[in-house]
Amino acid sequence: IDTSIIEKSQSLGIKHSPQVEMTSMVFAQDKMQLTEIKAVSDLYPLRGELLVAKSAEPEQSVQGPPKGSVWVEQKLLSILGITVGDYIEVGVASLKVAGILNSVPDESFSVFTNGPTIMMNIEDVVQTELIQPGSRVGYKALFAGDVDVINTFEEWVKPKVNETQSWYDIKSRQSALSSALNRAEKYLSLASML
């Protein structure tokens, strides 16, 4: 993502959170599993709640995972036969399982997902050595701010989006949050007409 886009968002006072998404095998002892890896910054999520349960503690709303650790879906623990506090190998990095993902605000449902989700700190991506020539990697930049400022930013950024990029706002993205917002908007429109 062009640095001028990030610089423009900062000049407008818009919050920004980068993401890297990819698919990879992870290992624990003699077991392995194909997973969806989502690397996020410390500011993630900009909107909504990320709910994580840490061992015996009840789930809590948190920001992105700390460096050197991952949060995983419960089913990955069962598949690999591990618990919170154990280590898994992601690429060449050994990362500690520090919590269980219970709710991810921008999670989308797809029948084509390759396995359970692992969330890691974006600063750990280089250490894994997963990004190499031929790797399939998705890069995202999340932005949040006042509606007027975001609209100004959207008008500025849309002409700069090239054929390999896409711009989504919260209503155009087909996610659970998008669907809920669209239903709420329809309900409120109907209620106001009545």
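Note that the numbering runs from 1 along the sequence shown for the chain.
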Problem - Straight-line distance of Q19 CD to Y139 OH, nearest 0.5 Å - result: 13.0 Å

Practice task
Nearest 0.5 Å please: distance from the OG1 atom of T83 over to the CD1 atom of I100.
Solution key: 9.0 Å

Problem - Any donor-acceptor N/O pair, T35 side chain to S24 backbone, under 3.5 Å - result: yes

Handout entry: Check: V137 main-chain N/O paired with S135 side-chain donor or acceptor under 3.5 Å
Key = no

Practice task
Give a yes or no answer on whether the side chain of Q63 reaches the backbone of L43 with a donor-acceptor pair at less than 3.5 Å.
Solution key: yes

Problem - Partners passing side-chain contact (heavy atoms from CB on, under 4.5 Å) against K160 (at least two apart in sequence or in another chain) - result: W156

Exercise for the section: Give the minimum heavy-atom separation between A144 and I14, together with the two atoms involved. Expected result: O-CG2, 3.3 Å

Exercise for the section: Evaluate the side-chain proximity of I5 to T3: yes if any heavy-atom separation is below 4.5 Å, no if none is. Expected result: no

Practice task
State, to 0.1 Å, how close A28 and I82 come at their nearest heavy-atom pair, and which atoms those are.
Solution key: CB-CG2, 3.7 Å

Practice task
Evaluate the side-chain proximity of F153 to D148: yes if any heavy-atom separation is below 4.5 Å, no if none is.
Solution key: no

Practice task
Would you check if the side chain of S69 reaches a backbone N or O of P65 as a donor-acceptor pair within less than 3.5 Å?
Solution key: no

Problem - Test item: Y87 and V97 side chains (from C-beta on) under 4.5 Å apart, heavy atoms - result: no

Handout entry: Verify same cluster id: L101, L46 (apolar side-chain graph, 4.5 Å)
Key = yes

Completion exercise
One should read off an interatomic distance between S9 OG and I1 CD1, to the nearest 0.5 angstrom, of 10.0 Å

Practice task
Using a 4.5 Å cut-off on heavy atoms from C-beta on, say whether the side chain of V72 contacts that of T117.
Solution key: no

Exercise for the section: Answer yes if L51 and L77 sit in the same cluster of Ile, Leu, Val, Met, Phe, Trp and Tyr residues linked by side chain heavy atoms under 4.5 Å apart, and no otherwise. Expected result: no

Practice task
Taking the side chain as every heavy atom from C-beta outward, state whether V20 and I122 have any pair of such atoms under 4.5 Å apart.
Solution key: yes

Problem - Heavy-atom pair of closest approach, residues P105 and G48 - result: CB-CA, 4.1 Å

Handout entry: Distance in Å, Q165 CD paired with D2 CG, rounded so as to fall on 0.5 Å steps
Key = 8.0 Å

Problem - D146 side chain vs V149 backbone, donor-acceptor pair below 3.5 Å - result: no

Completion exercise
OG1 of T128 to CD1 of I37, rounded to nearest 0.5 Å, is 7.0 Å

Handout entry: Audit row: N102, E73, side-chain contact (heavy atoms from CB on, under 4.5 Å) steps and yes/no
Key = CA-CA 7 Å; N102 287 337; E73 288 184 348; over 6 Å; no

Problem - F27, CZ atom: more than 12 neighbouring heavy atoms under 6.0 Å - result: yes

Exercise for the section: Flag yes if M119 and V62 sit in one hydrophobic cluster, no otherwise; membership is Ile, Leu, Val, Met, Phe, Trp, Tyr, and two members link when side-chain heavy atoms are under 4.5 Å apart. Expected result: yes

Problem - Spatial distance of atom CD1 (I88) from atom CD (Q33) [nearest 0.5 Å] - result: 11.0 Å

Handout entry: Heavy atoms of other groups near M32 CE, more than 12 under 6.0 Å
Key = no

Handout entry: V126 backbone acceptor or donor facing E129 side chain under 3.5 Å
Key = no

Exercise for the section: Could you check if a side-chain atom of V40 sits within less than 4.5 angstrom of a side-chain atom of K38, using non-hydrogen atoms only? Expected result: yes

Handout entry: Connected via hydrophobic side-chain network under 4.5 Å: V157 and I150
Key = yes

Practice task
Grab the two heavy atoms, one from V125 and one from M22, that are nearest each other, plus how far apart they are.
Solution key: CG1-CE, 4.1 Å

Handout entry: Side-chain donor/acceptor of Q127 to backbone N/O of D124, under 3.5 Å
Key = no

Handout entry: Nearest heavy atoms of P66 and W71, plus distance in Å
Key = CD-CZ2, 3.9 Å

Problem - H16 and F143 aromatic ring geometry - parallel, tilted or perpendicular at 30°/60° bounds - result: tilted

